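Taking it in order: structure first as structure tokens, then the write-up.
Sequence lines set the chain letters: A, B, ... in the order given, protein chains first and strands last, and positions in each chain run from 1. None of these values were measured; they are calculated from a predicted model.
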Amino acid sequence: MSAVGTEQAAAWVQAFAERVAEQRDHLTELDSAIGDADHGTNLDRGMTAALAGLQATPPADAAALLKAVAMTMISKVGGTSGPLYGTFFLRMSTALGDGRPAEVAAAFRAGVDGVVARGKAEPGDKTMVDALLPAAEALTDAVGAGEPLDAALRSAAEAAARGRDAVTASVARKGRASYLGERSAGHVDPGAASAVLLVESAAALAGG
Amino acid sequence: MGVEGTVGIVVVSHSRPLAEAAVALARQMLPGRELAVEVAAGTDDGGLGTDAVAVSEAITAADSGAGVVVLMDLGSAVLSADTALELLDDDLRARVVLSPAPFVEGLVGAVVVAAGGADRDRVAAEALRGLAPKQAHLGAPG
């Protein structure tokens, strides 16, 4: 995979939707431990609607595709992950350019910056940012070092998983989980878990 | 749209019944007076959740040109209200205030002064001091 066009973006979104559907109950279970027990069902509802939307109105290019996914997520998810994933896809869509590796890395970074700006979470707050930021850094570094996009996406997926695991022991400082204080420690953050699925879906597509 | 010469109010909640009840409570203060109070609440299948697209449409519907004050409950309501701003055109966005006021008390305070013709910043300020009467009555916590 040397660039991300409409076909690759569609396959990524499809793969993410499938992972979310497959992990739906697991994500909701994580969220029932430290949140409002809706992350898996919300995300699955959003991604199912996103795929249906893409089928009903096929987008002209990869940027339009990501924007369409963004609007569906913003509207249909219902929970916090809607505006957060929606903002991620929206910002990514405006920065994707021709989808060359450096642009993909920059677009991913723009998406993550959007999530940070929207949710105002900082590293270590135990949110999806703890998986997404290390992924963005790994992707940018790998692409900058001249690695092929496939390998760079695999590095990003590994960094995301490490980031998710690194905050499992932490106390949540954002969202519903923050109401639990110390009791949130020792639980995997559901947002970080779904963010890992997002990056792994891209890596799997690249042959990871 | 909205009501000419008055600031519009938008109520964002996870729950449509919660939002509608809060609006009913606030509207008790406005017998015979017109005010645009729009609700964006719940998911379209009747569940709990918020929808930024619906919030942006509610803002558009509430605005008469005098601006809009948005009250919200918690969590995704805040993020959806924030995201909704991104979906508005620049002119309208500049007329909108997202209020950190308490949901019920802020709404009651806001509708009373908005119906009286106060400007947007005055309405937002009144929402923000929504807890004052209760705090004065009950005293400081602890």
For this session: Taking salt bridge (Lys or Arg N to Asp or Glu O under 4.0 Å) as the test, write out the residues that go with E38(B), two or more places apart.
Result: none

Problem set entry | Step-by-step side chain to side chain contact (heavy atoms under 4.5 Å, CB included) determination, K76(A) to D44(B) | CA-CA 8 Å; K76(A) 300 293 180 198; D44(B) 53 13; 2.5 Å; yes

Problem set entry | Note, E86(B) side chain near I74(A) side chain (heavy atom, < 4.5 Å) | no

Problem set entry | Segment of A54(B) engaging chain A (4.5 angstrom heavy-atom cut-off) | neither

Problem set entry | Closest heavy-atom pair and its distance - T83(B), P83(A) | OG1-CB, 3.2 Å

Exercise. Taking T80(A) as the fixed residue, which of V78(B), L79(B), T50(B) is the one that meets the side-chain contact (heavy atoms from CB on, under 4.5 Å) rule?
Worked result: L79(B)

Problem set entry | Part of residues 159-186 of chain A lying next to chain B, heavy-atom separation under 4.5 Å | R176(A), Y179(A)

Exercise. Which answer fits T43(B), side chain, backbone, both or neither, if we ask what part of it has an atom under 4.5 Å from a heavy atom of chain A?
Worked result: side chain

Exercise. Excluding sequence neighbours, so at least two apart, what forms salt bridge (Lys or Arg N to Asp or Glu O under 4.0 Å) with D98(A)?
Worked result: R100(A)

For this session: Taking atom CD of E22(A) as the centre, report whether more than 12 heavy atoms of other residues, nucleotides or ligands fall under 6.0 Å from it.
Result: yes

Problem set entry | Heavy-atom contact with chain A under 4.5 Å, split by part of D82(B) | both

Exercise. So which part of S75(A) gets closer than 4.5 Å to some heavy atom of chain B, the side chain, the backbone, both or neither?
Worked result: both

Exercise. Do any of residues 105-137 of chain B come closer than 4.5 Å to chain A, heavy atom to heavy atom, and if so which ones, in number order?
Worked result: none

